[in-house]
Every structure is written in C-alpha cells, then in structure tokens.
Amino acid sequence: MQFEFSSDKTYDIIAIGRACVDLNAVEYNRPMEETMTFSKYVGGSPANIAIGSSKLGLKAGFIGKLSDDQHGNFIRQYMADAGIDTSNMVTDKEGHKTGLTFTEIKSPEECSILMYREKVADLYLSPDEVDEDYVKQAKILLVSGTALAQSPSREAVIKAVELARKHDVKVIFELDYRPYTWGSKEETAVYYGLIAEQSDVVIGTRDEYDMMENLEAGEGENEDTINHLFKHQPNLIVIKHGVSGSYAFTKDGEAYRGHAYKTKVLKTFGAGDSYASAFLYALINGKDIDTALKFGSASAAIVVSKHSSSEAMPTVEEIEQLISEKENQ
Ligand SMILES: Nc1ncnc2c1ncn2[C@@H]1O[C@H](COP(=O)(O)OP(=O)(O)O)[C@@H](O)[C@H]1O
Ligand SMILES: O=C(O)C[C@@H](O)[C@H](O)C(=O)COP(=O)(O)O
C-alpha cells in the first residue's frame, strides 16, 4: 500500500502542540539528584518531529504558543533556523511559561524524564489562533496527543482536525502520552479515542494504545486495536514496541514488521519522535511501508545514540547509510 497525499499544498507537514525546552543531563550514569549540569535543547514531541522532518528536507510549519520570554524567543529562533515556518507560533500575553523537561540518564536502559508543565503556554493555544488558511496548506497535520490534555489547547486541536478533514489534509495522530498534564486516565481515553477515530494515521506505543482503550499497560492486543480503529477513518496504524520494534497495519489487511537496529544506546528518549519524522518523510516521498518502517527505526537508532532529541535528528543520507550497513551485515 502507498499513501496518497494532495500535491497542491505548500507545506508537507504542519505540527500542532508544544514546543518546549529539554534540559538533558550532561553527566550521565547517575540519578538526577547527582546531576549538576544540563544542556539546553528545543524539545516537545511535535516540535522534535517538525525539526526532524525539516532536517530530512520536508517543508514544515508549526502551530503553537510560546512564552513571552527568553525561552520562547530561543525556541522560535531555533525552529526558524531549522527551516520551520514559525508564522503560526503565537506569543502568550498572559504570563504563561515554557514547559521544561529534565532528563535523567542512569544507564542506557534506565532513562526517565521529569516534566515541569504547570500552566505552560502551549496548553493555552486557543481555537481562534488556529488559522484555516494555514491548516489547509498542509499535506499532513501532525497532532500531538498531549495537546488534547487541557482546554483551550484541546479545542484548538479539535478545530485544526476538523479543518484538516475539510481541506483534504491527512491527519496523523501521534498519541504522545505524557501523564503530567492529564486529569485522569478516563479523560485521556475519551479524547484519544475521539481524535484517533478521525485520523488517517495513528502512531503510538502499545502502552499508549492501552491508555486510549482505558486498559492497564500491557493488557491490550494489537488485533483488538486495529479491529476497532479500522471501523473508523484510519487507514494505517503504527504500534511501537520499544526495542522489540514496531508494526504497521493497513485497513486493507496488510501487516508489516519493523525491526529496531542495534546501536550503542546513550539514552532511550527521542526514539519515538525521530521514528515518527522519518516514517512520515518516507510516506510523503511515496516509499512503501516496509521502507518507511526502516526509515523510522534507523532514525531512532541514530537519535538514541546521541545526547539530544531535536539537535540529533539525522539527515536522509545518514538514515540510508545506516539501513544499508545494517541490511548488508
Ligand atoms: N534501545 C533502542 N535501540 C535501537 N532502537 C530503538 C531503541 N528503542 C527504541 N528504538 C526504536 O525506536 C522506535 C520507537 O521506540 P519506542 O520506545 O517504541 O517509542 P517511544 O520513544 O515513543 O516510547 C522503535 O520501534 C525502535 O525502532
Ligand atoms: O516531548 C517532550 O516534551 C520531551 C521531549 O522533548 C524529550 O526529548 C523526549 O522525551 C522525547 O521522547 P520520545 O517521545 O521518546 O521521542
């Protein structure tokens, strides 16, 4: 199966959601309590995906809200320098702050993130700040699940999805579950289900689908997930299983397996965002799903071997080289 995108659009991908700051532990192999220095990067899953996409040569735009301070300025400048259109990144005028993510790298297998997301600017994006003329110019609207966690960002995303559907823009829903901003699991399941059913492609980890289905982590089955979602809009469902790889299922009954590429892992975060940007790059460029899965896995293998999520996003050449090395081993 090959995915078809409208050819008459200005942007390949417009992402909606948070653009924040990651503070990644400089000293690793120790708990955060003992980490004294952190490096600053732009972060936030949809921002990482936009940066990754742009680095791969896609024309990317972003809809979001930034704090009116040095952190907001830093994010806007970094994203503009990365080639992303920032015209629809609005500045918050009510004193809301940039979300911060501190990372802890205890060992390559034992990583965690600590998010500071109280009253963060990105969740104050309002529906009137989502411009129909902008959304309609994209081949893909990339929706981050976290942007559904609170109003008014929730309504802004629902509006963007409705506009995308109206204007033949494919909706890609990255479940991107972050517990810190949601009120309850039931609430998460309601909004995840609502948007997943209206999306063309859904991407998430098995645990995130369990969240969507209001199950305990580990309880859900891929077959039940696809049987349910394929009764609705989605044509393609991607389910990630960490280092065990990933699966892609199509509505016409095909199933594909993606394998993780072995690499020297520095930390595990950043895998999902790099995977999504390269997977989508491949789909937009008319590559088949097997190749898109390889692109996703290769991009993730590169990013988990480096220090950041955004800055470490690879080029097409780096991805192709890694695939060719691994496939010829
Ligand atoms: N330790 C790892 N080494 C190499 N590739 C990895 C590793 N962890 C994840 N990946 C790759 O990244 C993809 C997404 O990772 P996953 O952990 O499922 O997503 P997320 O980061 O969103 O939780 C996997 O399908 C795999 O290809
Ligand atoms: O998404 C965030 O707000 C934090 C990210 O910027 C951070 O780099 C991260 O945790 C990425 O992890 P991933 O979802 O595994 O790609």
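The first residue of the sequence shown is numbered 1, and numbering continues consecutively from there. Remember, predicted model here, so these are calculated numbers, not experimental data. Counting convention: from 1, in listed order, for ligands and their atoms alike.
- The protein non-hydrogen atom at the shortest distance from atom 18 (O) of ligand 1 is Gly242 N, 2.8 Å.
- A salt bridge is defined here as a Lys NZ or Arg NE, NH1 or NH2 lying under 4.0 Å from an Asp or Glu carboxylate O, and Glu27 with Arg30 meets this definition.
- Remark: among candidates Ile51, Thr101, Thr146, Asp22, the nearest residue to atom 5 (C) of ligand 2 is Asp22, based on non-hydrogen atoms.
- For ligand 1, the atoms sitting less than 4.0 Å from at least one non-hydrogen atom of Tyr275 are 13 (C), 25 (O), numbered in the order shown with element in parentheses.
- When Gly270, Gly17, Ser309 are checked for heavy-atom proximity to atom 13 (P) of ligand 2, Gly270 turns out nearest.
- Distances from atom 3 (N) of ligand 1 to the heavy atoms of Val238, Thr205, Val265 show the closest one on Val265.
- Those atoms of ligand 1 that come under 4.0 Å of a heavy atom in Ala300, given as number and element, are 11 (C), 12 (O).
- A cation-pi geometry, defined here as NZ or CZ lying under 6.0 Å from the six-membered ring centre and within 45° of its normal, holds between Lys40 and Phe74.
- Asn48 contributes no side-chain N or O that, together with a main-chain N or O of Ile51, makes up a donor-acceptor pair within less than 3.5 Å.
- Considering backbone and side-chain atoms alike, His259 places every N or O at 3.5 Å or more from each N or O of ligand 1.
- In this structure a side-chain-to-backbone donor-acceptor pair under 3.5 Å is present from Lys251 to His232.
- For atom 15 (O) of ligand 1, the nearest non-hydrogen atom from the set Ala271, Gly270, Ala276, Ser305 belongs to Ala271.
- Residues Met313 and Tyr11 are members of separate hydrophobic clusters, defined by side-chain heavy-atom contacts under 4.5 angstrom among Ile, Leu, Val, Met, Phe, Trp and Tyr.
- Proximity of Gly245 to ligand 1 is established by a heavy-atom distance of less than 4.0 Å.
- The proximity of Tyr261 to ligand 1, defined as any non-hydrogen pair under 4.0 Å, is limited to the backbone.
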